[in-house]
Amino acid sequence: MATLQPTPPPLDDDGTVGGLGILPWTAITLVGVYAGLRFGIPWLAVLVGVSANPAPVPKFAMAIYMLCAGLGALVYVSSEDTRWRAFLTPIVQAFVVPHGGGRARRLLPLAIIPLLVAWITWGQVMPSTQSPPEGRIQHPGLPEQFAKLENPFGVLKGPERNAIEREGVILYQKNCRPCHGTKGTGDGPLARGLRLQPVDFTDPGTIATVVEQYPFWRIQKGGIGLPNVATPWNSAMPAWEDEIEPDAIWRIIMAEHGIAGTEPRKPEGSER
Ligand code: HEC
């Protein structure tokens with residue numbers, strides 16, 4: 001019988017592993033698993049080059065992994081009598097204190113539990129300004145009628161180009177800054193109130209990855225012009241077609257790239 005058992009853990013006579021109780025060990029292991037999922041995997045994705053930014057593990061996946069880890073830990077601690085008792089003893093001791101003393105010690109866990117519940121509830125009901133990481137495609141396909149457009153100022157160079165960009169900057173600061181920020185980093189004064197955050201134009205994953213017709217479409221048609229794949233979260237990006245003339249939109253796009261220090265992607269086959 002004993003030979004069929006996996007190698008027993010180095011459990012000392014007093015039910016500890018290396019002097020530390022099995023309960024703290026379990027807690028440390030679970031915290032380790034959580035930290036690995038929360039920080040390890042996102043940064044691993046950056047390290048191996050799968051993604052340019054840390055990609056958070058979706059919440060539901062975290063919940064499933066943590067549930068598995070918790071169940072695994074429970075199976076482990078309860079699979080052997082000594083271990084199970086060593087695990088339960090400190091819990092029981094925390095609540096059941098012999099008469100005539102230890103009142104404070106008994107009250108402590110009773111205070112911690114409601115505080116923990118309050119903290120979790122607080123976290124759930126507080127509105128957050130972070131965009132949900134899952135389920136949204138930032139760059140759905142560019143509609144065909146926009147792909148054919150041409151930037152009338154695209155050919156300009158030198159001072160003429162600078163003049164157009166300057167006009168664009170004024171339009172940008174007037175209309176777009178409240179959400180997209182003075183420097184295009186997506187942190188304008190209005191942005192904090194939005195569930196889906198304005199994109200950071202200086203991030204190489206946003207306007208620098210698309211041809212310049214793309215922001216033209218997004219600026220004219222806004223959040224409501226997005227196809228369903230991109231809108232599990234409503235976008236506050238306004239549709240500007242009634243407010244801003246096409247020429248002015250091109251000026252803003254050139255200014256946007258100037259402000260963010262990026263270049264639009266060159267259309268396929270245009271590289272020399
Ligand atoms: C009320 C806030 C708000 C204002 C004002 C606003 N935007 Fe946006 N914008 C957003 C939000 C939120 C997003 C991200 C969601 C999305 O893609 O629709 C966004 C996305 C964009 C995108 C898409 C970028 C990408 O890489 O997918 C472009 C381009 C853009 N905005 C340009 C502009 C310009 C130009 C103006 C000014 C004329 C402007 N926005 C004004 C909120 C705003």
Side-chain angles (χ1 to χ4, degrees), residues 51-53 55-56 127-154 161 163-268:
S51 135
N53 297 305
S128 123
T129 57
Q130 273 207 334
S131 299
E134 77 277 7
R136 179 172 190 269
I137 295 178
Q138 176 67 36
H139 291 142
L142 176 63
E144 217 173 300
Q145 74 265 32
F146 288 94
K148 292 191 219 103
L149 296 179
E150 226 180 293
N151 179 356
F153 309 116
R161 193 184 180 94
I164 294 290
E165 263 193 42
R166 267 199 304 278
E167 288 167 32
V169 169
I170 295 169
L171 289 166
Y172 174 88
Q173 299 297 358
K174 198 171 130 212
N175 299 297
C176 323
R177 175 192 161 269
C179 293
H180 288 284
T182 312
K183 299 202 159 70
T185 38
D187 53 358
L190 263 182
R192 261 193 78 79
L194 303 177
R195 178 89 170 102
L196 180 63
Q197 292 276 286
V199 293
D200 176 357
F201 294 141
T202 64
D203 178 334
T206 64
I207 53 171
T209 62
V210 288
V211 292
E212 55 188 348
Q213 286 76 9
Y214 197 95
F216 188 94
W217 165 48
R218 294 305 324 279
I219 296 165
Q220 259 203 345
K221 301 293 176 189
I224 53 165
L226 282 170
N228 286 343
V229 285
T231 53
W233 309 97
N234 291 336
S235 158
M237 170 66 187
W240 294 94
E241 58 187 335
D242 297 333
E243 245 105 330
I244 306 183
E245 300 275 307
D247 271 9
I249 292 184
W250 287 117
R251 287 186 172 89
I252 296 179
I253 291 169
M254 292 171 72
E256 236 172 23
H257 281 291
I259 290 167
T262 51
E263 296 262 346
R265 206 187 87 200
K266 300 273 181 290
E268 304 295 325

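Order of appearance sets the numbers: ligands from 1, and atoms from 1 within every ligand.
- Taking Tyr172 as the reference, nothing meets the ring pair (Phe, Tyr, Trp, His ring centres under 6.0 Å) condition, with sequence neighbours excluded.
- Between Pro198 and Cys179, the shortest heavy-atom contact is CG-O, 3.5 Å.
- By the 4.0 Å heavy-atom criterion, Phe201 is counted among the residues contacting ligand 1.
- In this structure, of Gly223, Ala248, Pro215, the residue bringing a heavy atom nearest to atom 29 (C) of ligand 1 is Pro215.
- Within 6.0 Å of the CD atom in Glu245, the count of heavy atoms belonging to other residues, nucleotides or ligands does not exceed 12.
- Of all the heavy atoms of Val210, none lies under 4.0 Å from any atom of ligand 1, so neither backbone nor side chain is involved.
- Residue contact check: Ser235 has heavy atoms under 4.0 Å from atoms 15 (C), 16 (C), 18 (O) of ligand 1.
- For Lys221 and Glu241, the salt-bridge test passes: some basic side-chain N is under 4.0 Å from an acidic carboxylate O.
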- prompt: Would Thr182 and Arg177 count as a side-chain hydrogen bond (donor to acceptor under 3.5 Å, both in side chains) if you check the C-alpha gap in whole Å, the side-chain angles of each, and the deciding distance to 0.1 Å?
  reply: CA-CA 5 Å; Thr182 312; Arg177 175 192 161 269; 3.1 Å; yes
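- Contacts between Thr206 and ligand 1 below 4.0 angstrom, taking non-hydrogen atoms only, involve backbone and side chain alike.
- What sits closest to atom 35 (C) of ligand 1 on the protein, heavy atoms only, is Glu256 OE2, 3.1 Å.
- Around atom 8 (Fe) of ligand 1, protein N, O or S atoms at less than 2.8 Å number 2.
- Residues His139 and Thr209 are in side-chain contact: their nearest non-hydrogen atoms beyond the backbone lie under 4.5 Å apart.
- Neither the backbone nor the side chain of Thr209 has a heavy atom within less than 4.0 Å of ligand 1.
- Atoms of ligand 1 lying under 4.0 Å from at least one heavy atom of His139, given by number and element, are 25 (C), 26 (O), 27 (O).
- Here the protein heavy atom with the shortest distance to atom 5 (C) of ligand 1 is Asn175 O, 3.5 Å.
- The closest protein non-hydrogen atom to atom 27 (O) of ligand 1 is Gln138 NE2, 2.6 Å.
- Atom 12 (C) of ligand 1 has Leu196 O, 3.4 Å as its closest protein atom, hydrogens excluded (heavy atom only).
- Looking at atom 14 (C) of ligand 1, its nearest protein heavy atom turns out to be Gln197 O, 3.7 Å.
- Annotation for ligand 1: atoms under 4.0 Å from non-hydrogen atoms of Ile244 are 38 (C).
- Only the side chain of Trp240 comes within contact range of ligand 1, with a heavy atom under 4.0 Å; no backbone atom does.
- Across all their heavy atoms, Thr185 and Asp200 have their closest contact at CA-OD1, 3.2 Å.
- Taking every non-hydrogen atom of Ile207 and a distance limit under 4.0 Å, the qualifying atoms of ligand 1 come out as 26 (O).
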